[in-house]
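Contents: one structure, followed by commentary.
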Amino acid sequence: MIQRPRGTRDFTPQEMETRRYLESLFRLVAETHGFREIATPIFEHAELFTLKSGPNILDEIYAFEDKGGRQIALRPELTAPAMRFFVNDLTNYPRPLKVFYFGQCFRYERPQSGRYREFFQFGAELIGAPNPESDAEVIGLAAAMITRSGLGNFSIRVGHIGILRSKLSEGGVKSESAPAILQKLDKKVYDEAVPLMQQAGMSDGAIEDVVALTKTIGGIDVLQSLTGEPRDYLMEVFQVLQSYGLKDVKVDLGVVRGLDYYTGIVFEVDAPMLGAEKQVCGGGSYSLTELFGGEKTFSTGFAIGFDRILLALEREGMKAPQKNVIAYVVPVSETMRLAAFKITADLRSNGISTDVDLMRRNLGKNFKYADAIGAKFVIIVGEKEAAQDSVTVRDLKTGEQRLVRRSDLSQVLKE
RNA sequence: GCCGGGAUGGGGUAGCCUGGUUAUCCUGUGGGACUGUGGAUCCCUAGACCCGAGUUCAAAUCUCGGUCCCGGCCCCA
């Protein structure tokens, strides 16, 4: 037996129906928000990802040399490829450019609950509009997608990286020391963050302020006591969100990112029932284009952990509609078999999903099978009916049965 | 990379501590009772000890190594 590689999954027909159902919901919501789908390759030059995240990520991704000596990596995320695509080919599209994508990504990590080596991300980027309203548009899309998925218990928290950054630089922290501090603050490990801030020359009072800021969480009113440009910007974002009817979005100034390319708002969505891997979505505004050889362009985007949303939905007892066949055609005897195939072909060409007995089973067994596959109707093709150019249609749920002329069959089943 | 718990037919399991006949039960698969009517019942059939080494007269059971899964840490772009 050949086992599946570590951290990968196979999906059963039922699982695929659930996955495709959620996928199509996400697509629909993105499209109703005016975003259009793009797709990029599963593998890229490894450099694309080291440019964005530094050389150390090579340890955490699937990277290898191909037969032509190229350094290749399976994509660990979709923002970098999307922005590469933009810089290469899409810069002349009207702005703002609103795109979304769905696909698998790969990371060489220790698998655990909600974390796989092959996983699926659904994401969106709004390119070229550095405004509170464009940020709100993106947050609004993320919120709409998750709401539409049917997930009940989740929280959206929005912060602004500029608020902490300006506090740090006011306190005397040089820009090159800031990322390390922000990284610790993001994880709320204050016993490591505080010494770093002391080393960077901050006063005890300023450090206290920063720590307090990262604990600022709540409604829009928590911004009242603050001042400064980022704070005003964040206020505007929330005003737009309110106009969009989004009331459950919280302010959380503790949402931080250690990476340099984040430029403004940052947000996260958690599904608390998932435990350690509870973050289902992360995003923010950033500028990556200049790293990839383009003109500096501000964008806002997010990525949704498709598998985690599904996991959370599952834990909430979500059931996706199953795609069972409408009709199951059963010949009553050997002599009626070919007639059954004709009827099957006829139904199928009329767009009615139809199965037919392929095992030469007797009528009783065929009913059991029809029940097992969840067919709606059994079409009995027998001599008695054939004499009247008809078939018997039995509704498996109600048990009702009636004689239907062959020429009327498609019409009857469509009702 | 680190810590802990696991792996027995397709799915779920008993047996493992205390080694010993034909590895338990449920469910699902295929067939039959039922050569024109399903969801019930009964019968038959097929199907498993993760891989490798060691200990032993004898290993699902004990020991070691590996693989994979689960929970957590690290990381989280």
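Chain naming here is simple, since letters A, B, ... match the order of the sequence lines and numbering starts at 1 in each.
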Ring centroid separation A/Phe306 to A/Phe102 under 6.0 Å: yes

What distance, rounded to whole Å, do you find between the two P atoms, one in B/C2 and one in B/U24? 40 Å

Tell me, please, the opening and closing nucleotides of RNA chain B, 5' to 3', among those with an atom under 4.0 angstrom from a non-hydrogen atom of chain A. B/G1 to B/A77

For A/Thr392 and A/Tyr108, find the nucleotide of RNA chain B closest to each by heavy atoms; which residue's nucleotide sits nearer the 5' end? A/Tyr108

Check: A/Glu125/A/Tyr286 side-chain N/O donor and acceptor closer than 3.5 Å: yes

Rounded distance in Å between the P positions of B/C51 and B/U8: 11 Å

Please determine if A/Glu137 and A/Lys98 form a salt bridge, counting it only when a charged side-chain N lies under 4.0 Å from a carboxylate O. yes

Given the C1' atoms of B/G47 and B/G10, what is the spacing between them in whole Å? 9 Å

Which of these passes ring pair (Phe, Tyr, Trp, His ring centres under 6.0 Å) with A/Phe122: A/Tyr101, A/Phe100, A/Phe302, A/Phe35? A/Phe100

At 4.0 Å (heavy atoms only), tell me whether A/Glu109 reaches a base, stays on the sugar-phosphate, or touches nothing. base

If you assign each of A/Thr79 and A/Pro5 to its closest nucleotide in RNA chain B, which residue comes earlier from the 5' end? A/Pro5

When the C1' atoms of B/A48 and B/A7 are considered, how many whole Å apart are they? 12 Å

Opposite nucleotide pairing with B/U35, Watson-Crick or G-U, both atom distances under 3.5 Å: none

Could A/Glu290 and A/Lys296 be called an ion pair, given the rule that one side-chain N must be under 4.0 Å from one carboxylate O? yes

Please classify the nucleic acid contact of A/Tyr328 as base, sugar-phosphate, or nothing, using heavy-atom distances under 4.0 Å. nothing

Is there side-chain contact between A/Asn362 and A/Phe367, with heavy atoms separated by less than 4.5 Å? no

Expected output is a numbered-order residue list: members of residues 175-197 of chain A with a heavy atom under 4.0 Å from any atom of RNA chain B. What is it? A/Gln183, A/Lys187

Select base, sugar-phosphate, or nothing to describe what A/Gly54 touches, counting heavy atoms under 4.0 Å on all strands. nothing

Describe the nucleic acid contact of A/Ala370 in one word from base, sugar-phosphate, nothing, applying a heavy-atom distance below 4.0 Å. nothing

Taking a pair to mean Watson-Crick or G-U wobble geometry with both distances below 3.5 Å, B/A40 pairs with none

Work out how far the C1' atom of B/C16 is from that of B/G20, and round it to whole angstrom. 14 Å

Under a 3.5 Å cut-off for both contacts, is B/G1 paired Watson-Crick or G-U wobble with anything, and if yes, with which nucleotide? B/C73

Spacing of the C1' atoms in B/C57 and B/U21 (rounded, Å): 16 Å

So, A/Thr392 and A/Gln401: side-chain donor and acceptor under 3.5 Å apart, yes or no? no

Under 3.5 Å donor-acceptor pairs involving side-chain atoms of residues 267-274 of chain A, not counting sequence neighbours:
residue  : atom : partner  : partner atom : Å
A/Glu268 : OE1  : A/Arg157 : NH2          : 2.7
A/Glu268 : OE2  : A/Arg257 : NH2          : 3.3
A/Asp270 : OD2  : A/Arg157 : NH1          : 2.8

Pairing partner of B/G52 (Watson-Crick or G-U wobble, both distances under 3.5 Å): B/C64

Which whole number of Å gives the distance between the P atom of B/U27 and that of B/G66? 40 Å

Would you say A/Thr214 and A/Tyr190 are linked by a side-chain donor-acceptor pair, where the criterion is simply a distance under 3.5 Å? yes

Does A/Gly7 reach a base, just sugar-phosphate, or nothing at all? Heavy atoms under 4.0 Å. sugar-phosphate

Is the distance between the ring centroids of A/Tyr328 and A/Tyr369 under 6.0 Å? yes

Categorize A/Ile57 for me: base, sugar-phosphate, or nothing, with a 4.0 angstrom heavy-atom threshold over every strand shown. base

Give A/Gln401 one of three labels, base, sugar-phosphate or nothing, depending on what nucleic acid heavy atoms sit under 4.0 Å from its own. base

Short N-O contact, A/Asp307 and A/Arg19, less than 4.0 angstrom: yes

How would you label the contact of A/Arg361 with the nucleic acid (heavy atoms, under 4.0 Å): base, sugar-phosphate, or nothing? sugar-phosphate

Taking any heavy-atom pair under 4.0 Å as a contact, classify A/Phe377: base, sugar-phosphate, or nothing. nothing

When the C1' atoms of B/A77 and B/A14 are compared, how many Å lie between them, rounded to an integer? 47 Å

